[in-house]
Amino acid sequence: MKILVCISKTPDTTAKIAFKNGNTQFEESGVQWILNPYDEWYALVRAIELKEKDASTVLHLVMVGGADADPIIRKALALGGDEAIRVNTTKLQDSFYVASQIAEVAKTGGYDLLFTGKETIDYNGSSIGAMVAELLDLPYISLATKFEINGNTATVTREIEGGEEVNEVQVPVVVSCQKGMAEARIPNMRGIMSARTKPLKVVEPVEADELTSISSFELPPPKAGVKMISPDNMAELVRLLHEEAKVI
């Protein structure tokens, strides 16, 4: 079995967010970058678990990005990927363009499974997996919390409103993964050392349309200060909850 896991880099959750060029671009200077948690903790780790059950499984990684993403890719290799492919482009703001690059890599790889995280923690678009599946004419299951495979049949549990849904699907298939799919891991020293020599292939992007553009970013309004209310003044607390917080 061959598995392709789509990974991406995102700002650390503690990074200070700012924009430039008339609020049309994210200010990257001074930002600490990490492997997107949904890609790492759930998609990649579940793929590693499948590989551990079947030693013949081949696990590849794909990332769309510039050379500055290589350390992030090496971390993913340290966790357990066999080799990685980086599509060498910094055009990352349009989901269709990114999905087109991933689909092109997948077309030539003969993969049985394609895993993505449910979304990135910066754009929160949750659209790449579906676009890749459409471009490859493959079935797609989103928001997966469990994944098992028996022969060519995968059983996938996903979240729906008010409960869970269990699907059976024939591979190849594209699956987006979220909390519940696996437990986060930390690379061990052996993995870190071996990651240095694992193949990281750089390919040039294919021509693809960019269907969207960002007109501007906007930071959320600053949080208001905390108001302290005396425990004896319940009437004031009720008034504030009703008139200002508007929760009652």
Side-chain angles (χ1 to χ4, degrees), residues 6-46 72 92-96 98-99 115-134 140-147 156-167 174-186 211-248:
C6 308
I7 61 174
S8 56
K9 69 169 191 175
T10 56
D12 187 273
T13 52
T14 62
K16 183 178 180 181
I17 302 301
F19 304 108
K20 60 182 180 179
N21 294 339
N23 289 337
T24 61
Q25 287 183 293
F26 175 61
E27 177 56 75
E28 298 186 1
S29 59
V31 171
Q32 176 67 40
W33 296 93
I34 61 172
L35 181 57
N36 180 50
Y38 286 108
D39 301 338
E40 176 186 353
W41 299 346
Y42 310 126
L44 177 55
V45 174
R46 186 65 187 117
I72 304 296
L92 303 175
Q93 292 188 338
D94 180 72
S95 295
F96 182 77
V98 173
F115 280 169
T116 74
K118 78 164 186 176
E119 61 187 4
T120 58
I121 62 170
D122 48 4
Y123 289 99
N124 300 107
S126 194
S127 57
I128 296 293
M131 289 183 178
V132 170
E134 177 65 19
Y140 173 63
I141 299 176
S142 63
L143 305 176
T145 58
K146 296 178 184 177
F147 181 94
V156 187
T157 302
R158 65 186 295 269
E159 267 191 6
I160 59 172
E161 188 70 29
E164 291 183 336
E165 175 184 281
V166 179
N167 298 270
V174 182
V175 178
S176 79
C177 309
Q178 67 167 344
K179 185 177 180 180
M181 181 67 84
E183 294 293 332
R185 293 188 179 188
I186 298 174
L211 304 181
T212 60
S213 61
I214 293 172
S215 57
S216 68
F217 290 101
E218 183 177 343
L219 291 171
K223 294 182 179 180
V226 175
K227 290 187 177 181
M228 305 297 291
I229 307 298
S230 170
D232 299 328
N233 193 358
M234 288 297 102
E236 177 64 7
L237 176 60
V238 171
R239 186 191 71 79
L240 290 170
L241 291 174
H242 178 66
E243 296 180 5
E244 295 191 14
K246 300 186 185 302
V247 295
I248 60 174

What heavy-atom pair brings [X] and [Y] nearest, and what distance separates the two atoms?
{"X": "Ile7", "Y": "Leu35", "value": "CB-CD1, 3.8 Å"}
{"X": "Ala144", "Y": "Val175", "value": "CB-CG1, 3.5 Å"}
{"X": "Phe115", "Y": "Ala43", "value": "CD1-O, 3.5 Å"}
{"X": "Tyr42", "Y": "Gly180", "value": "CE2-N, 4.3 Å"}
{"X": "Ala18", "Y": "Phe26", "value": "O-CD1, 3.5 Å"}
{"X": "Trp41", "Y": "Ala182", "value": "O-CB, 3.6 Å"}

Interatomic distance, [X] atom [atom1] to [Y] atom [atom2] [nearest 0.5 angstrom]:
{"X": "Asp39", "Y": "Ile72", "atom1": "CG", "atom2": "CD1", "value": "11.0 Å"}
{"X": "Thr10", "Y": "Asn124", "atom1": "OG1", "atom2": "CG", "value": "10.0 Å"}
{"X": "Thr145", "Y": "Arg46", "atom1": "OG1", "atom2": "CZ", "value": "11.0 Å"}
{"X": "Ser176", "Y": "Tyr140", "atom1": "OG", "atom2": "OH", "value": "3.5 Å"}
{"X": "Leu237", "Y": "His242", "atom1": "CG", "atom2": "NE2", "value": "13.0 Å"}
{"X": "Leu44", "Y": "Cys6", "atom1": "CG", "atom2": "SG", "value": "11.0 Å"}

Glu40 meets the salt bridge (Lys or Arg N to Asp or Glu O under 4.0 Å) criterion, sequence neighbours left out, with Lys75

By salt bridge (Lys or Arg N to Asp or Glu O under 4.0 Å), Glu236 pairs with (sequence neighbours left out) Arg239

Check the side chains of Ser95 and Ser127 for a donor-acceptor pair under 3.5 angstrom, ignoring hydrogens and angles. yes

Is it the case that over 12 heavy atoms from other parts of the model lie below 6.0 angstrom from the [atom1] atom of [X]?
{"X": "Ile160", "atom1": "CD1", "answer": "yes"}
{"X": "Glu183", "atom1": "CD", "answer": "no"}
{"X": "Glu244", "atom1": "CD", "answer": "yes"}
{"X": "Lys179", "atom1": "NZ", "answer": "no"}

Polar side-chain atom of [X] near backbone of [Y] as donor-acceptor pair, under 3.5 Å:
{"X": "Gln32", "Y": "Ile34", "answer": "no"}
{"X": "Ser126", "Y": "Lys118", "answer": "yes"}
{"X": "Arg158", "Y": "Leu143", "answer": "no"}

Within-4.5 Å side-chain heavy-atom neighbours: [X] and [Y]:
{"X": "Val132", "Y": "Thr116", "result": "no"}
{"X": "Phe147", "Y": "Ile141", "result": "no"}
{"X": "Ile17", "Y": "Phe19", "result": "yes"}

| query | Could you walk me through whether Asn36 and Ile121 pass the side-chain contact (heavy atoms from CB on, under 4.5 Å) check? | reply | CA-CA 7 Å; Asn36 180 50; Ile121 62 170; 3.7 Å; yes

